[in-house]
Visitor: 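Supplied in structure tokens, the structure appears directly below.
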Amino acid sequence: MAASRPALTRTELAGALHAQASRYWDKHPFHVRLHAGGCTPGEIRSWVANRWYYQRHLSAKNAAIVSACPLPAVRLRWLDRIAFQDDGGLDDWLTLAAAAGLTADEVLDERHVLRGTRFAVDAYVSFCRTRPWLEGAAAALTELFSPKHMADRVHAWRTHYDWIAPSGTAYFDNRIPVVASDSSFTLDLVLTHAVTREQQDAAIAALAYKCDVLNAILDAVDYAGMSR
């Protein structure tokens, strides 16, 4: 029987998690084009409408993590994520949709949501419902890479897409200050509780999987845009 591999140190595990930045969706051709000012209004509206499907499922996946976590302090802290989305975050996304030229009805009835988006988001929620809570938490560590990306997006929209009303950046303006704190808490949580090599490998794989989910959403949006 092969000997088990030794556990990573906290520093090594942190490095392995941060290394997943190479898989993050900021490098997807769609986002590169978006930030360079190369997207059409229709492509931006498609992104907003499809991202809505992801946004509205965040509370469900966070509730799944909370329900499986045995640690009261972690459950209480994780509930803040549900509160952010349900007490303003989703409304801010509808404000973005309106600023981009979408009606609330066409966002809420999800007529523009692509099947690739549905498959990716539904699979992510299922992952968080069926995998150990620590893996669900580790998957959320894409937030390590998101603050600068969101700030760049706001800058790009204000620079290249002045037809989007300034009110449309409210979600990102409110989320950027919060996500740094959330990512710091979650990283420490994973580093503290992923103590065996098996747990550590699972945490790294969970973060890689989440990056794939995000990229799959953009694959669907990008392909749909090219097909029009």
Visitor: Following the transitive rule for hydrophobic clusters with a side-chain heavy-atom cut-off under 4.5 Å over Ile, Leu, Val, Met, Phe, Trp and Tyr, establish whether Ile217 and Val32 coincide in one cluster.
Guide: no
Visitor: Distance check, rounded to the nearest 0.5 Å: Lys27 atom NZ versus Ser22 atom OG?
Guide: 6.5 Å
Visitor: Kindly give the heavy-atom pair with the smallest separation between Glu12 and Leu8, and that separation in Å.
Guide: OE1-CA, 3.4 Å
Visitor: For Ser59 versus Gln85, what's the shortest heavy-atom pair and its separation?
Guide: OG-CB, 3.6 Å
Visitor: So, taking the atom named CG in Leu108 and the one named CG in Leu94, what distance separates them when rounded to the nearest 0.5 Å?
Guide: 5.5 Å
Visitor: Show me the donor-acceptor pairs, under 3.5 Å and distance only, between side chains in residues 188-195 and residues at least two apart or in other chains.
Guide:
unit_1: Asp188; atom_1: OD1; unit_2: Arg10; atom_2: NH2; d: 3.0
unit_1: Thr192; atom_1: OG1; unit_2: Arg10; atom_2: NH1; d: 3.2
unit_1: Thr192; atom_1: OG1; unit_2: Asp188; atom_2: O; d: 2.7

Visitor: Asp87 side chain to Ala83 main-chain N or O, any donor-acceptor pair under 3.5 Å?
Guide: no
Visitor: Before accepting this row, confirm whether a basic side-chain N of the pair Asp201/Arg197 lies closer than 4.0 Å to the acidic partner's carboxylate O.
Guide: yes
Visitor: Please tell me if the side chains of Asp219 and His28 come closer than 4.5 Å, counting only heavy atoms from C-beta onward.
Guide: yes
Visitor: Please confirm whether Arg75 makes a cation-pi placement over Trp78, using NZ or CZ under 6.0 Å from the six-membered ring centre and within 45° of the ring normal.
Guide: no
Visitor: Between Asp182 and Arg77, does any NZ, NE, NH1 or NH2 come within less than 4.0 Å of an OD or OE carboxylate oxygen?
Guide: yes
Visitor: Please check: side-chain N/O of Thr117 versus main-chain N/O of Val113, any donor-acceptor pairing under 3.5 Å?
Guide: no
Visitor: Do any N or O atoms from the side chain of Trp47 and from the backbone of His31 form a donor-acceptor pair under 3.5 angstrom?
Guide: no
Visitor: Any salt bridge linking Lys148 with Asp26? Criterion: basic side-chain nitrogen under 4.0 Å from a carboxylate oxygen.
Guide: no
Visitor: Should Leu34 and Trp163 be counted in the same cluster of Ile, Leu, Val, Met, Phe, Trp and Tyr side chains packed under 4.5 Å apart?
Guide: yes
Visitor: In sequence, state the C-alpha distance, the side-chain angles, and the governing distance for Asp222 and Arg33, and then conclude on salt bridge (charged side-chain N to carboxylate O under 4.0 Å, His left out).
Guide: CA-CA 10 Å; Asp222 201 21; Arg33 191 168 72 253; 3.0 Å; yes
Visitor: Quick one: CG on Asn174 to CG on Asp91, what's the gap to the nearest 0.5 Å?
Guide: 11.5 Å
Visitor: Do Tyr124 and Asp212 get their side chains close enough for a donor-acceptor pair, meaning under 3.5 Å?
Guide: no
Visitor: For the residue pair Glu135 and Tyr209, confirm or rule out a side-chain donor-acceptor distance under 3.5 Å.
Guide: no
Visitor: Within a reach of under 6.0 Å around CZ of Arg115, are more than 12 heavy atoms found that belong to other residues, nucleotides or ligands?
Guide: no
Visitor: Quick one: closest heavy-atom pair of Thr95 and Ser167, and the distance?
Guide: CG2-O, 3.5 Å
Visitor: Which value, rounded to the nearest 0.5 Å, describes the distance between Arg23 atom CZ and Asn215 atom CG?
Guide: 8.5 Å
Visitor: Do Leu90 and Gln55 come close enough that some side-chain heavy atom pair is under 4.5 Å?
Guide: yes
Visitor: Kindly assign one of parallel, tilted or perpendicular to the pair Trp25 and Tyr54, based on the angle between their ring planes and the thresholds 30° and 60°.
Guide: tilted
Visitor: Would you mind reporting whether Phe145 and Ser183 have side-chain heavy atoms less than 4.5 Å apart?
Guide: no
Visitor: When you measure from the side chain of Thr159 to the backbone of His155, do you find a donor-acceptor pair of N or O atoms at a distance under 3.5 Å?
Guide: yes
Visitor: Is it true that, when you exclude Glu106 itself, more than 12 heavy atoms of the residues, nucleotides or ligands shown sit nearer than 6.0 Å to its CD?
Guide: yes
Visitor: Run Trp52 and Leu96 through side-chain contact (heavy atoms from CB on, under 4.5 Å) and show every step you take.
Guide: CA-CA 10 Å; Trp52 163 263; Leu96 166 59; over 6 Å; no
Visitor: Do the side-chain N and O atoms of His35 and His160 include a donor-acceptor pair separated by under 3.5 angstrom?
Guide: no
Visitor: Looking at Gly42, is its backbone amide N or carbonyl O close enough to the side chain of Ser46 to form a donor-acceptor pair, meaning the two atoms are under 3.5 Å apart?
Guide: no
Visitor: Return yes if some donor-acceptor pair links the side-chain N/O of Ser184 with the main-chain N/O of Ser181 below 3.5 Å, else return no.
Guide: no
Visitor: Please determine whether residues Trp133 and Leu79 belong to a single hydrophobic cluster, defined as Ile, Leu, Val, Met, Phe, Trp and Tyr linked transitively by side-chain heavy-atom distances below 4.5 Å.
Guide: yes
Visitor: What heavy-atom pair brings Val213 and Ala120 nearest, and what distance separates the two atoms?
Guide: CG1-O, 3.7 Å
Visitor: Find the distance between CZ (Arg81) and CD (Glu143) and round it off to the nearest 0.5 Å.
Guide: 4.0 Å
Visitor: Before you tell me yes or no, could you show the steps for His57 and Asp122 under side-chain contact (heavy atoms from CB on, under 4.5 Å), namely the whole-Å CA-CA distance, both residues' side-chain angles and the distance that decides it to 0.1 Å?
Guide: CA-CA 8 Å; His57 281 85; Asp122 292 353; 4.1 Å; yes
Visitor: In sequence, state the C-alpha distance, the side-chain angles, and the governing distance for Lys210 and Leu214, and then conclude on side-chain contact (heavy atoms from CB on, under 4.5 Å).
Guide: CA-CA 6 Å; Lys210 172 64 177 304; Leu214 296 178; 4.0 Å; yes
Visitor: If you take all heavy atoms of Ala99 and Gly168, which pair is closest and at what distance?
Guide: CB-CA, 3.7 Å
Visitor: Between the side chains of Arg153 and Ser146, does any donor sit under 3.5 Å from an acceptor?
Guide: no
Visitor: Pick out which of Phe172, Phe84, Tyr53 makes a ring-ring contact (aromatic ring centres under 6.0 Å, His included) with Trp93.
Guide: Phe172
Visitor: Measure from the side-chain N and O atoms of Gln20 to the backbone N and O of Leu17, and report whether any donor-acceptor pair falls under 3.5 Å.
Guide: no
Visitor: Enter the distance from Asn50:CG to Arg118:CZ here, rounded to the nearest 0.5 Å.
Guide: 8.5 Å
Visitor: Minimum heavy-atom separation for Leu207 to Leu141, with atom names?
Guide: CD1-C, 3.6 Å
Visitor: For Leu102 and His112, what are the C-alpha separation, side-chain angles and deciding distance, and is it a side-chain contact (heavy atoms from CB on, under 4.5 Å)?
Guide: CA-CA 10 Å; Leu102 293 163; His112 302 301; 4.2 Å; yes
